[in-house]
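The model shown is predicted, which means the values in this text are computed figures rather than measured ones. Letters A, B, ... mirror the listed sequences (proteins, then strands); counts begin at 1.
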Amino acid sequence: MLTVKINGKEVEVPQGTTILDAAKEAGVHIPVLCHDSRLNPFGACRVCLVEQVGMPKLQAACTTPVTDKMELITESEKLSRVRKTAIELLLINHPLDCPVCDKGGECTLQDLTYEVGVTKVRFDAVPNDTPVDHTNPFIERDIDRCVLCGRCVRICDEVVNIQAISFLNRGTDTQIGTSFDQPWNCEYCGQCISVCPVGSLNNRVYLFKNRPWNLESEKTVCGLCSCGCTVSIDYEGNEVFRMNEMPEEGVNHGYMCAKGRFGFDFMNSVKRETEAQITVGGEAKKASVTEAVEYASEKLKAMNTDSVAIVVSPRITNEEAFLAKKLADAIGTKNIFSTETDAIMPGATYEDVENSDAVAVLNINVTESNPILGLAVRVAARKEGSSLITFYPSETALKRVTTKFVTGNPVELAADMEKFCAAFAGAENEFTADAKRLLDAENPVVVFDAYNMADAYIAQEIQKACSKVKLVPAKAKNNSAGVVDMGFGVNAPEDFAKGVETGKFKAVISFGENIAVRTGWSKLTGALSKLELLMVTDPFMSDTAKLANVYVPVATFAEKSGSFTNLEGRVQLVSKAVDKGVVSDAEIISGLAKGLGTELPTDAYAVRKLIEKEVKLYADVQWDGGTVAYPSVFKTELAKVATTAAGSGKFYLYPASLRLHSGSYTRWSPDLAKVYGAPVLDVSVEDAKEMGLNKDDKVKLKGDGFTGEFVVEINKQVTKGCISLPEDFVETADIFSNGRYLKAEIIK
Amino acid sequence: MRRNIFETIFFSEILKGLSITLGYMFTKPVTYKYPYEATPIQDRFRGVQYIKTNEDGSTKCVGCYLCQKVCPSECIHIETDCGPKGERLIRKYELDLSRCIYCGYCEEVCPVDAIHMGCEWNTVDNTRDNYVINMKTLSQNYKDNVAGNWKNKHLKKKLVEGVQQ
Ligand code: SF4
Ligand code: SF4
Ligand code: SF4
Ligand code: SF4
Ligand code: SF4
Ligand code: FES
């Protein structure tokens, strides 16, 4: 421990602490501009200069580590002069844009100008004046306002690892941009926006919509994927203006992805329904929620209990899922379903991944499907002496940090993964060295797709061979784990399909699930529309809601309280920020239960108390960030599943993950839809050349039992002989219902 | 008290008093016969606001929300958005004159010299809704202030000068 005296106050700090951190410890404020505690020290702005007693030169607090017996002064006549000059120099070229600048009100430069007391600049102002760049669909870029702190460049490199932007030119010509002014080839994660201290990089979805001082914030958890990011919903009245990061908070450390940052606008969508609807004899009529619920419960009463099925979406809260289970009990049915199963449950936390020294990513494009998990994998992979082996049909963003990247068509890849698995058991093959790295590692981690049983089998075998391996099954939805914990994972999704097809189910109640676009269920639409009762709740008139006889519009995650369990098995609280005048699923469930003579609470806190009593896993869970202690990742021993591509055709077709969509919710975001609206067929450069395909060509896709028409995107990363399409679109759900991997033919 | 016999005989004190009254009878009156006559408006009078326009007729206001924030009676309501060319676009600018206390803070805070306190003070109307004025009216108010088009026709042209400066 080192003893440092700051402004006469003594503190003890460990070796390697910077002056800035020591000052924080001592409760002393030092102004900063270019520093961000999540990034490596940089020292570009010189705003943080402090005096060291006995040293003639001033020290930058953010980059200088303390030494023992160091004596520092952070406030003095000289320092305020120096700081003032540093800001004045920045203001020479800085345009006087504050009234129109979107950062106004939360701008570090504004704050510093006040703090150091600049009222007049002694130098002649030469404001920059270049046109604002609107080429990026999500980021407004006004390089005039840039103070060259380098935070955006550093976060894009150190955290996101995309290195999309960099410093260009030198001296007074220095700029942030891409080489040769190419458009940003970028993940659209918006991390750069979140760290920019000034209004140089702005969120175009929020652009000019409001001012920060008008907004109220509610800390909550994002409901768009299983990562479980802590975010702040900034709202005024009942309108959500942005979903913003909370710097350094939560498991995501304040990072977010494109869906959250730019896709939240679906909550305000004018396309959202406000009135319930009852359809009798093909005629839809508007009804009040009470009428709709009563109508449904009357119908339920007349029904044989075994012919009722309840489906919940993994988007609803734990509390709602629990209530839905109670409703099933009240009805007396065991037919409860979700897209999730209890076969595979969370096994490790982000921290485990970040601290890992050897990671294997099995056949999942984790930076797209689970962006924050992707960031954790990158942290692990970039550490000194650690390794990462990635298997995926095409190259992914992890390529830059991967020790070994294995690509190939899905069948080859499965064979490769099998070899890799065998290498753990001592087999000699090209993966022996890679397996050894995991075997020798202290904290090896394997990340795999929780919905791919063939990969899960391999993960299980690896864990058997190397017991210290921690497994991270990447679940998809915000509460994928939670709905299973509440009881909705006991039945296989296939049984639901069977029940509907055979006519066993006469009534289906779907809480939030968009059955019509789910792989494996999409072909049920015909049978669903013939049901005696199909009740659907959804914020939007979804493809399934259109088939329903009873439809009730419900709240999104910003409009209700509850909790979600993320892919780590971490339970986190969701709080209500706005009210859009629609009910939550919980209220509908208790309404239905009431019709059947059972009283259920709707208040989230009361339900949590019930959960603690009745769900063993949650008996003493800490609702605000505690992890659920799952006994094991796999419920039973998995059997080996052969990976085959069904059908005939020249190409291997596999489902791709999208960074801009994670199911059907985000499709209602006008901003995301503008960039990615309809599914696009990714084709490799070689194949495109061979077939004479161009970008944006419309082609027919034909396989055994399916056809489709898609727009072509030529993707450098795709492997020759492979093509990919995203899942969960109306156009593609039917295709992948035939199998995960397919053979297909492209017809021009 | 000793009294001056002369004063007692000739009531000179009364005459002194009457002479003042008499004197005023021949000076200009200081009161105005409102509503038959206009009351003058001083240079720094704070009347109904106007918002300046640029040469091309577009508003000078950039929608920075500062007046909304500073207004102590919360009578300004602004909504902005991103325009088609990526510019700051004012969707709505409303000022509720029935709430305004004419403090002039909005004029004071405006960073682009857009909103000003005008000379017009006649807001009499028979519905509350008419007290809510929008950007169109505020811009028109600018023209009226410049041209001296007052609701109160008695207002004198020369008062306009203060506005034009
Ligand atoms: S970046 Fe900050 S200082 Fe610069 S114009 Fe915007 S708000 Fe003003
Ligand atoms: S959005 Fe993300 S990937 Fe793109 S430049 Fe910014 S930080 Fe980099
Ligand atoms: S764009 Fe923003 S974050 Fe990047 S260097 Fe400029 S001021 Fe810093
Ligand atoms: S004069 Fe005062 S009360 Fe009236 S709008 Fe301006 S700031 Fe508000
Ligand atoms: S302060 Fe001036 S520029 Fe800003 S919104 Fe008000 S009138 Fe418009
Ligand atoms: S904050 Fe230390 S140099 Fe910028």
Side-chain angles (χ1 to χ4, degrees), chain A residues 94-107 110 113-114 119 127 130-145 193 199-216 234-242 262 265 268 270 670-671 674, chain B residues 49-96 99 103-117 132 134-135 138-139 142:
Chain A
H94 198 88
L96 254 180
D97 265 354
C98 302
V100 287
C101 174
D102 222 23
K103 199 76 180 183
E106 50 185 0
C107 169
Q110 273 186 335
T113 307
Y114 274 94
T119 45
T130 35
V132 181
D133 176 10
H134 289 114
T135 48
N136 192 308
F138 298 118
I139 305 171
E140 185 213 47
R141 212 157 59 100
D142 189 341
I143 50 170
D144 295 344
R145 301 179 189 143
I193 302 177
S200 185
L201 303 171
N202 291 316
N203 185 337
R204 284 187 71 180
V205 179
Y206 165 69
L207 197 67
F208 304 146
K209 294 238 162 63
N210 212 329
R211 286 300 206 177
W213 56 76
N214 287 338
L215 301 176
E216 288 175 73
D234 294 355
Y235 62 97
E236 187 189 5
N238 282 322
E239 175 131 352
V240 178
F241 279 90
R242 56 181 177 185
F262 307 117
D265 220 19
N268 303 323
V270 286
D671 305 277
K674 224 180 335 183
Chain B
Q49 293 84 340
Y50 60 86
I51 290 186
K52 285 191 177 173
T53 48
N54 295 315
E55 236 121 79
D56 62 352
S58 62
T59 179
K60 261 189 119 172
C61 167
V62 292
C64 70
Y65 287 77
L66 286 182
C67 47
Q68 174 182 316
K69 178 70 188 164
V70 80
C71 177
S73 57
E74 300 187 355
C75 62
I76 299 178
H77 179 75
I78 305 174
E79 272 172 33
T80 53
D81 204 346
C82 186
K85 287 195 231 57
E87 78 281 12
R88 204 175 174 96
L89 184 88
I90 302 158
R91 282 226 185 285
K92 197 182 202 177
Y93 188 107
E94 282 181 351
L95 204 156
D96 187 347
R99 293 193 63 145
C103 61
Y105 283 8
C106 46
E107 175 179 35
E108 197 80 18
V109 80
C110 183
V112 293
D113 188 34
I115 194 163
H116 281 273
M117 304 307 286
V132 181
N134 57 14
M135 187 58 91
L138 282 158
S139 304
Y142 174 52

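Side chains of B:Thr80 and A:Lys209 form no contact here, defined as non-hydrogen atoms less than 4.5 Å apart. Residues B:Gln68 and A:Asn214 form a side-chain contact, since some pair of their non-hydrogen atoms from C-beta on lies under 4.5 Å apart.
Nearest heavy atom pair, residue B:Arg88 against residue A:Val100, reads NH1-O, 3.4 Å. What you find for B:Lys69 and A:Trp213 is that their closest heavy atoms are CD-CD1, 3.3 Å.
With chain A as partner, the option from B:Cys64, B:Gly83, B:Cys110 having the largest number of non-hydrogen pairs under 4.5 angstrom is B:Cys64. Looking only at heavy-atom pairs under 4.5 Å with chain A, the residue among B:Val112, B:Val62, B:Leu89 that has the most is B:Val62.
Atom CD of B:Glu108 has 12 or fewer neighbouring heavy atoms from other residues, nucleotides or ligands inside a 6.0 Å radius.
With a threshold of 4.5 angstrom between heavy atoms, A:Asn210 approaches chain B through its backbone and through its side chain.
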